[in-house]
Structures are given as C-alpha cells and as structure tokens.
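Working notes for the structure below.
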Amino acid sequence: MDKLLKDGEVSALGKMLDDAEKVVLTCHVRPDGDAIGSTLGLALLLRKLGKEANVVTPDRPPRSLSFLPGFNEIAVFTQHDAYCRRLVEEADLIVCCDFNTPSRQDALAPLIQEAHCRKVLIDHHEKPDKCADLMISYPDMSSTCELVFRLIAALGLYGDLDIDAATCLLTGMVTDTRNFSVNCKNPDIYEVLGRLLDKGCDKNKIVRHSLNTRSFWSLKLEAYALMEKLEIFHDSRAAIITLSADDLRQFHYERGDTEGVVNRPLEIEGVISSFFLREDSDCIKISARSVDNFPVSEVCERFGGGGHRMAAGAEFHGSLEECREQVIKAVADFKKELPRPLPRLVTE
Ligand code: MN
C-alpha cells in the first residue's frame, strides 16, 4: 500500500485521540454510506479502546443503512436537539467526517463550530475550509472510509478493528465507489478491501442493503421517469428527465427516492450528458452527469450552480418548463465539447 499519509498528521491524530475521553463524530446533512460508515466505524473502534464515542448527525440517516451495527444509537440533531447539544458540550474532541465546509452541516454547523473542544476533520472533498484544529484532507481518496482505514492502520490499531467497525468502513467504500465501479483507479483500495474482508465482513449483504435496496414507490417513480419523462436530444447527445411536483405526489415521493435517476440515461449508447430536473417546493433542482469528460459543471454554472466536471447540479427559480428549455439551450452551446467523431445514438 502506498504511503500517502503524512507522519505528522498521523501522530497528531494519535495524540488527540489518546488525550480524549468523550468523542463526538459528525458528518454532513443527508448523510450517505460514507458519512455514516466513517463516523460509526471510527466510533465503534474508539468504544473498543475504552472511550465514550457518539455519532451526531445533522438529520436522519437513510433507512437503507439501518443494518449497520450501532445505527440505532446515532443521535440525530433534528430529532433530539437537547441530547445532541449535551453530547457536543461534554465532548473533549470532535471528529468531522466526509465534509469540507461547515455549511454542509446545515443547522448543526453553529453548534459544532462554536464548541470549545479540539476538532479534527477527516475528508476527501476538494478544497476544504479551515474549520478544524487538525485538517486531514485527501481529495484523491475513494472515500472518507478508506482514509479512516488508512489512519487506523497507520496508528497501529488494525488489530483493534472488529467485524462491526470494519463493516461500517467497507459500507462507505462500497457506496462511494458504487461497488468499486467509480473512483477506484488506485490499486491500494483493493488491498484495503482485502484487509476489511479479513475481518469477516459480508460484502454481498453490504452491497444489497446499501446500494440495491429501495422502496416500492421509488422504483415505480424511476420506471415512470424513464418510460414517460425521458427526452433525448440527438444533436447535443443529451438526455433530459423532468419530474413535476404532481408526478412526485403521484408516486408518494420521499427524499432520496430519485437518487440515481440522473445516471440511468447515460447507460444508453451514445448519450453523453444527462440532466434530471425535479420540481421542489421552492425551486427546480437540476442534477447533471456526463461521460467522456463532457463539462456538465459548466452547463450548471450558467444556472449559478457547479460541481465536478462530470457530476454537477444547480437550482433554478422559475417554472419547470422554463428550466427545461433553458437547459436544452445551454447544453447545445457546448457541442464543441462532444467527443469526435460523434458516437452512434439510436432511439428508434
Ligand atoms: Mn464520501
């Protein structure tokens, strides 16, 4: 395994953990497998080392992660405000996982930022804000969970990692890499995978629960979106899916139900970019994905949004139809970015 971690950081983290008795671990709003996996995995390890460790999340983690050991003890700020405040006030160390700026914690941000104890950030997003005493940031890492594993190994604590903590860490790696299909160029991550499997983790179960399980209505909504609301624009090799508030109501929409819809049109041979427009209560949410290095981030910037070159988003204020028309126009302006020769695209 490549030695990527800086010795100074590892020893500083080791010292902070040694000095701490009560640790709070926290993550971003709408936590995903990596956010929950990294905080819970590290919390379980710290408990094994005799510390009091608690995970505090800004809002509710998804049900799909309820199979994780320790999930039921997570303190959710939107549900147990006073309890979360007490945990943070009593903590002598706060570990911030899987986010790069306090605003990613929504209403929990002030409580964490104003806490008097020391803080460490462990994250893999680009350009983190200096918001902790110790900043451990590796944007090249597949997931925060991979980074946490490497830190645990570098601290000589691999032997203390049990199957429960390992299951949490593997879950974050599985979800952030979509079961090792993206962000997994570095061969090291397979070595990390092997060392987690050595602990007895059930990877099939992790994949099934964290990636391949959804609600009845979520599946129906995606099927409806693809069947009825998908449009393909040949000249720009773009796909657009629009879902109105009425559509969402009809399918008993709950937050997270349209996760992944935007990726589906990219499965069509010859489609280069995909835009998913969803009518929320206060705006139209645009999510965009692409292949072949097509810059959907630049398309989204036109709407005041942004993101990664091939995974971006924006918010539009206006009607769904206006948004649709403007996205169609905007993406057409980027034709010069399409691969040449243009790929074959057959839709009839
Ligand atoms: Mn992550």
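All ligand and atom numbering here is 1-based and tracks the order in the structure.
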Please give the atom name: the N, O or S atom of Asp176 nearest to the Mn ion (ligand 1).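 Per the distance ranking, Asp176 contributes OD2 as its closest N/O/S atom to the Mn ion (ligand 1).
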
Discussion item. As a test of reading the structure, name the N/O/S atom of Asp98 that is nearest the Mn ion (ligand 1).
Written reply: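 Per the distance ranking, Asp98 contributes OD1 as its closest N/O/S atom to the Mn ion (ligand 1).
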
What is the ring orientation for Tyr190 with Phe180, classed by angle as parallel under 30°, tilted 30 to 60°, or perpendicular over 60°?
->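 Tilted, since the angle between the ring planes falls between 30° and 60°.
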
Examine all N, O or S atoms of Asp34, backbone included, and report whether one is under 2.8 Å from the Mn ion (ligand 1).
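Short answer: yes, at least one N, O or S atom is under the cut-off.
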
>> Tell me whether the Mn ion (ligand 1) has Cys145 as a neighbour, meaning an N, O or S atom of it below 2.8 Å.
In response: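 It does not: Cys145 brings no N, O or S atom closer than 2.8 Å to the Mn ion (ligand 1).
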
Should the pair Arg195 and Tyr158 be classed as cation-pi, given the thresholds of under 6.0 Å to the six-membered ring centre and 45° from the axis?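 Flagged: Arg195 positioned over aromatic ring of Tyr158.
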
Side-chain donor-acceptor pair under 3.5 Å between Thr26 and Gln105, yes or no?
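Result is yes, a qualifying pair exists.
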
Side chains of His234 and Thr347, donor plus acceptor under 3.5 Å: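 Result is yes, a qualifying pair exists.
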
